[in-house]
Amino acid sequence: MKRMAAVVRRALSVRRLSSCLSPAVPPSPAWSPVPPFGCYQTRPLSAKQVPERTRGDVFARADHVYDALLNTSLDLDQLEPDSVLEDRWIKEAVKRSGMKYKWATLVEAKVRENKDVLRPPPDPALLVSRPAVVTIMGHVDHGKTTLLDSLRKTQVAAMEAGGITQHIGAFLVQLPSGEKITFLDTPGHAAFSAMRARGALVTDIVILVVAADDGVMKQTVESIQHAKTAKVPIILAVNKCDKPQADPQRVKEELLAHDVVCEEFGGDVQAIHVSALKGDNLMELAEATVTLAEVLELRADPVGQVEGTVIESRTDKGKGPVTTAIIQRGTLRKGCTLVAGKAWAKVRFLFDENGQSVNEAGPSVAVEIVGWKELPSAGEEIVEVESEQRAREVVEWRIYAEEQEKLKGEQQAIEAKQRQHQESYKREREGLAHLSWRQRKSALYRANKHRIAHRPSERHESAELSLPVVIKGDVDGSVEAILNILESYDADQQCQMDIVHFGVGDVSENDINLAETFSGTIYGFNVGANKSIQQMAAKKGIPLKLHKVIYKLIDDLKEEVNSKLPPAVEENVVGEASVLAMFEVTVGKKKVLVAGCRVQKGQLDKRMKFRLTRGRDVLWEGSLTTLKHHKDDVQMVKTGMECGLSLDKDIDIMAGDEIVCFEEIEVQQKITWDPGF
């Protein structure tokens, strides 16, 4: 009989019931942990249908299946180690176990055809010269926008909130010599690193602006790194050379440490000394840019399939979703069908940087595109397709591909968790291998019954502090910059920050409802909220905080987090006194121990708290019952005066002990998070 049982166990281990039965409904972890591969899974009956002896354990191991088939007409002696049980014996084993079976239908997954856009290379015979795309980069307040204003004869810098650039701007400038250059003006503030990186990736030349009186700063170094990553040549513009404290030579020497070698030091980087405010040497800078563009031999196909890059995207009240793009191939016209990321557009209008309508935009031209069905993200590549139907196919494919990639990552996480459960299961069963199926179940029940009272749905809510926030910005790049800053938040141990929602556009009723649901705060950057929205927020008690300058928004958010923290108690020492002698005073029929003291520092105030110390040891903390100067009861004794005092507790006081008078002050805690500016 023992040999027969071993044969059956080997045979049954070959055939997995789980491959032909429906997936099991997992029981509570308190009853039966997830089994390793090799166990048989079946579909259990309901709690009323399953007998008491089998409830809570729906996993039938080989020894239980053997017990179920032992008294059947199956000839166990004929089974070999590689034998496969017939379907009727599988059904019989499941039936005798008090369970139901359900045959699983195996569906072969079909591989979907790739519907993405194919972009053939341009025909070299069709390539023509195109204007250079030049990105102006550098540290905040080094004069980048003022330099561009001088080239364009505009006053953009004077209209910027806080005197700093907070968006990426694209402008086409025609020089007096007739050459055209498309300039990208990037923010220099630390918060806008992603915008600078995006500007470097779509450009042909980087003009690095460094203030002659300030030198190389943090964002200067970052801009150099972006240019090197994108493999873009650099022209150095040493600005503010008209200032008395300007030192252009120091700037060029500092740049050597970052592998930016000017021509006078044997390198290939042109260095132009300029004054953006006074317009000094601007034509030399423009000529240096044109010369470098000619050396690069910039060419593009003006008749092929339209390609470009989204520089910025926003939602306009009158136009809807609007993107600013640089065209890199082909000629964009009204009526073209475009795809960018998971959004598509039928081009309705085209506008230049001055808001004037244009009919077409060729290579290297910056243009605003109106007609998007959804708002694409900044940095997405734009491609032209044949029709709206084809655009929908491309978008559907990209959404599908993204979902598959996400599922793949989730599947890997699930498999890792399964392996962890299997190892845990095996460790738990090692000591039970010698027991029968029923004995194991009984042992597991005794070991895990204490977990029954702790169901996941009955856990108490966490008492941790949190600040739910809703972020709204005027353009996609602004929201991206704010989210990048919040990603660096590292004070979760003090107060968690939860981003409930973020988006582009003015504050809406949906934002108010979300903030109300999560008891959050709405932060808006360069967006508005109409009167009805403000009234709704006030009525529901939702804080609505709108800002024009990004670092003020972050400072406001830090203050909001600080306000969530409980106050900390700080001790402020008011005065110190030394004990000179001890004596007893009779008060009525009671003798009271009095310490004769001299105030060494500050003052002793009877209303404050006191501490008795001897060396480094604290002997007592509490209040005074009596404070006298000579024979008079007083509230306060100042420095140099002698006094007698008695404590609210009998303590063995000795001459030389110290009496400290202090007050406890509640102060607002501050989070440890440093956003970097």
Side-chain angles (χ1 to χ4, degrees), residues 460-467 489-497 519 543 555-675:
H460 295 290
E461 292 187 1
S462 174
E464 293 180 349
L465 299 174
S466 67
L467 175 64
Y489 184 79
D490 56 2
D492 286 326
Q493 73 282 0
Q494 293 176 287
C495 179
Q496 292 186 355
M497 185 181 297
S519 301
D555 289 342
D556 191 354
L557 193 146
K558 287 177 64 177
E559 289 301 320
E560 182 71 16
V561 177
N562 290 338
S563 67
K564 292 277 184 179
L565 303 178
V569 178
E570 288 188 356
E571 184 179 294
N572 179 35
V573 176
V574 177
E576 296 178 1
S578 57
V579 178
L580 302 178
M582 298 298 302
F583 52 90
E584 290 183 346
V585 175
T586 303
V587 179
K589 296 183 179 180
K590 185 178 179 182
K591 291 185 178 181
V592 178
L593 191 64
V594 176
C597 306
R598 178 181 288 114
V599 181
Q600 304 291 350
K601 185 191 299 183
Q603 59 189 21
L604 303 187
D605 191 332
K606 186 180 178 182
R607 296 165 295 184
M608 303 296 179
K609 291 187 175 181
F610 287 80
R611 178 184 298 121
L612 174 65
T613 62
R614 182 176 299 158
R616 295 184 178 181
D617 298 328
V618 177
L619 305 180
W620 163 85
E621 274 191 10
S623 303
L624 301 183
T625 57
T626 305
L627 178 61
K628 291 192 175 190
H629 179 59
H630 299 305
K631 295 184 178 181
D632 301 325
D633 288 324
V634 293
Q635 288 289 333
M636 187 181 300
V637 182
K638 297 183 179 181
T639 304
M641 299 175 63
E642 295 183 352
C643 64
L645 54 84
S646 57
L647 314 182
D648 61 0
K649 186 177 180 180
D650 291 335
I651 298 293
D652 183 18
I653 307 176
M654 298 173 58
D657 290 347
E658 297 290 331
I659 300 288
V660 179
C661 174
F662 65 93
E663 61 178 341
E664 292 180 342
I665 305 173
E666 288 189 350
V667 295
Q668 181 62 57
Q669 288 193 68
K670 293 186 178 181
I671 57 172
T672 57
W673 175 48
D674 180 14

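The structure displayed is predicted, hence computed values, not measured ones.
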- Query: With a 4.0 Å cut-off, would you call Glu571 and Arg611 a salt bridge?
  - Reply: yes

- CG of Leu627 to CG of Asp632: how many Å apart, nearest 0.5 Å? 11.0 Å

- Begin with the C-alpha distance, continue with both residues' side-chain angles, and end with the deciding distance and a verdict on side chain to side chain contact (heavy atoms under 4.5 Å, CB included) for Phe610 and Ile659. CA-CA 7 Å; Phe610 287 80; Ile659 300 288; 3.7 Å; yes

- Query: Counting only heavy atoms not in Lys606, do more than 12 sit closer than 6.0 Å to its NZ atom?
  - Reply: yes

- Where the side chain of His629 meets the backbone of Met641, is there a donor-acceptor pair that is under 3.5 Å apart? no

- Message: Working to the nearest 0.5 angstrom, can you tell me the gap between Met636 CE and Cys661 SG?
- Response: 8.5 Å

- Option among Ile651, Leu624, Thr625 that satisfies the side-chain contact (heavy atoms from CB on, under 4.5 Å) test with Ser646: Thr625

- Message: Tell me whether the count of non-hydrogen atoms from other residues, nucleotides or ligands lying under 6.0 Å of CG in Asn572 goes above 12.
- Response: yes

- Query: Atom NZ of Lys591 and atom CD of Glu584: how far apart are they, to the nearest 0.5 Å?
  - Reply: 5.5 Å

- Item | Sidechain-backbone polar pair: Gln494 side chain, Thr672 backbone, donor-acceptor under 3.5 Å | yes

- Phe662 and Met608: CA distance, side-chain angles, deciding distance, side chain to side chain contact (heavy atoms under 4.5 Å, CB included) verdict: CA-CA 6 Å; Phe662 65 93; Met608 303 296 179; over 6 Å; no

- Message: I need the minimum non-hydrogen distance between Val637 and Cys643, along with the two atoms involved.
- Response: CG2-CB, 3.9 Å

- Message: Working note: Val574 + Gln603, criterion side chain to side chain contact (heavy atoms under 4.5 Å, CB included); need CA distance, chi angles, decisive distance, verdict.
- Response: CA-CA 6 Å; Val574 177; Gln603 59 189 21; 3.8 Å; yes

- Task: Would you mind reporting whether Asp652 and Trp620 have side-chain heavy atoms less than 4.5 Å apart?
- Result: no

- Note on the structure: Test salt bridge (Lys or Arg N to Asp or Glu O under 4.0 Å), reference Arg598, set Glu642, Glu576, Glu658, output is Glu642

- Query: How about Tyr489 and Cys495: do any of their side-chain heavy atoms sit closer than 4.5 Å?
  - Reply: yes

- Message: Determine whether Gln600 and Ser578 satisfy the following criterion, side chain to side chain donor-acceptor pair (under 3.5 Å), listing intermediate values before the conclusion.
- Response: CA-CA 7 Å; Gln600 304 291 350; Ser578 57; 2.8 Å; yes

- Item | side chain to side chain contact (heavy atoms under 4.5 Å, CB included) assessment of Leu580 paired with Cys597 | CA-CA 5 Å; Leu580 302 178; Cys597 306; 5.8 Å; no

- To the nearest 0.5 Å, tell me how far Leu465 CG sits from Gln493 CD. 11.5 Å

- Message: Quick check on side-chain contact (heavy atoms from CB on, under 4.5 Å): which of Val618, Asp617, Leu619 does Leu612 satisfy it with?
- Response: Leu619

- Message: Counting only heavy atoms from other residues, nucleotides and ligands, does the tally under 6.0 Å from CE of Met654 exceed 12?
- Response: no

- Query: Counting distance only, does the side-chain N/O of Asp605 pair as donor-acceptor with the main-chain N or O of Arg607 below 3.5 Å?
  - Reply: yes

- Message: Would you compute the distance between atom CG of Leu593 and atom CG of Leu647 and round it to the nearest 0.5 angstrom?
- Response: 8.0 Å

- Message: With a 4.5 Å cut-off on side-chain heavy atoms, are Thr626 and Leu645 touching?
- Response: no

- Does Glu664 come within less than 4.0 Å of Lys609, counting only side-chain N to carboxylate O? yes

- Task: Measure the OG-CE distance between Ser466 and Met497 for me, rounded to the nearest 0.5 Å.
- Result: 10.5 Å

- Going by the side-chain contact (heavy atoms from CB on, under 4.5 Å) test, name the single residue among Leu565, Asn562, Val561 that passes it with Gln669. Leu565

